[in-house]
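Note sheet for the following structure.
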Amino acid sequence: RALMERTAAEAMAIPTDGLPTEERITRDMLQVIPELAIEEDDQHLHQLRVVDQMSGPQQLLPFLTQFEPADTPARFEAFVERLHAYPAYIGGHIETLAEGRASGLTAPRIVAERVIAQIERMLEIPIESALVPSMIKVASDADREAVRDIVRDVVYPADVAFLEALKGDWRRAVDPAALEERLK
């Protein structure tokens, strides 16, 4: 939020007199985008975005494999560090689920059901065919096997924790009958 506030203020401070059209557009975008992010933060939209089958946290690692190769020793090490950081990342999202439940700001039940089903399907894939180890570009079979081990031992347990959080108190909170009862 602080970055967005600072960026919007600094953009606003740029005088537009004499700026070419393209630079004025860039300046305006540097102001508008952070202002939108601040508004989204004010509205706590992050509590809704944590449950999203298209761009929820469970999509991060498959997405990264498309753009972040692990085909050199340095890249492989960086990717392994990301895999090991994944449980903390998911843990933060589990906390956000609790915040949303407490505030009453939750994704619609249909979205929650889709995310739950999606994670269940991802976890049912045998580790030999799992998305992340299969998709990541690595330098050797040994590297791919190391990624498989980390996904099995580190990533899958984090996904299971996220799934359990979704299926537990959070799911009951988005149940239509529970919502109706809270509104009485």
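Computed from heavy atoms alone, side chains included, the values below leave out hydrogens, waters and symmetry copies.
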Residue pair D159, L163: steps toward the side chain to side chain contact (heavy atoms under 4.5 Å, CB included) verdict: CA-CA 6 Å; D159 285 338; L163 180 62; over 6 Å; no
Donor-acceptor pair, side chain of T7 and main chain of L3, under 3.5 angstrom: yes
Pairing residues for R152 by the salt bridge (Lys or Arg N to Asp or Glu O under 4.0 Å) criterion, not counting sequence neighbours: D149
Heavy atoms from other residues, nucleotides or ligands near CD of E77 exceed 12 (cutoff 6.0 Å): no
Exam field: side chain Q58 to backbone D52, donor-acceptor pair closer than 3.5 Å: yes
Distance-only side-chain donor-acceptor flag, Q118 / R114, under 3.5 Å: no
Donor-acceptor contact below 3.5 Å, side chain S134 vs main chain L131: no
Derivation and outcome, side chain to side chain contact (heavy atoms under 4.5 Å, CB included), residues E40 and M4: CA-CA 11 Å; E40 288 179 4; M4 294 298 112; over 6 Å; no
F63 atom CZ, over 12 foreign heavy atoms within 6.0 Å: no
Minimum heavy-atom distance P87-V154, with the two atoms named: CG-CG1, 3.5 Å
Same apolar cluster: M54 and I90, side chain cutoff 4.5 Å: no
N/O donor-acceptor pair under 3.5 Å between R75 side chain and E68 backbone: no
Between CE on residue M29 and CG on residue L36, distance to nearest 0.5 Å: 8.5 Å
Nearest-0.5 Å distance, CG of residue L97 to CD1 of residue I94: 7.0 Å
Point-to-point distance, once rounded to the nearest 0.5 Å, from CD of E81 to CZ of F76: 11.0 Å
Donor-acceptor contact below 3.5 Å, side chain R148 vs main chain P133: no
Option from L83, V147, L64 for which side-chain contact (heavy atoms from CB on, under 4.5 Å) with I136 holds: V147
Gap between atom CD1 of I150 and atom OH of Y156 - 0.5 Å precision: 13.5 Å
Cluster overlap V155 with Y89, hydrophobic side-chain contacts below 4.5 Å: yes
Salt-bridge contact D42-R1 (side-chain N to carboxylate O under 4.0 Å): yes
Euclidean distance, R49 CZ relative to T96 OG1, rounded to 0.5 Å: 12.5 Å
Single-linkage hydrophobic cluster, 4.5 Å side-chain cutoff, L30 and I33 together: no
CE/M12: more than 12 non-hydrogen atoms of other groups inside 6.0 Å: no
E124/R121 ion pair, N-O < 4.0 Å: no
A139 to D71 - nearest heavy-atom pair and separation: CB-O, 3.5 Å
Minimum-distance pair of heavy atoms, taken over all atoms of Y86 and P57: OH-O, 3.8 Å
Heavy-atom side-chain contact between P126 and E128 under 4.5 Å: yes
Linked, directly or transitively: I116 and L123 (ILVMFWY side chains, under 4.5 Å): yes
Co-membership, hydrophobic cluster, residues V80 and I127, 4.5 Å side-chain: yes
Between NZ on residue K137 and CG on residue D143, distance to nearest 0.5 Å: 13.0 Å
Check ion pair E113-R109 (N to O, under 4.0 angstrom): yes
Check against side chain to side chain contact (heavy atoms under 4.5 Å, CB included), L19 and I14: CA-CA 9 Å; L19 275 181; I14 298 171; 4.1 Å; yes
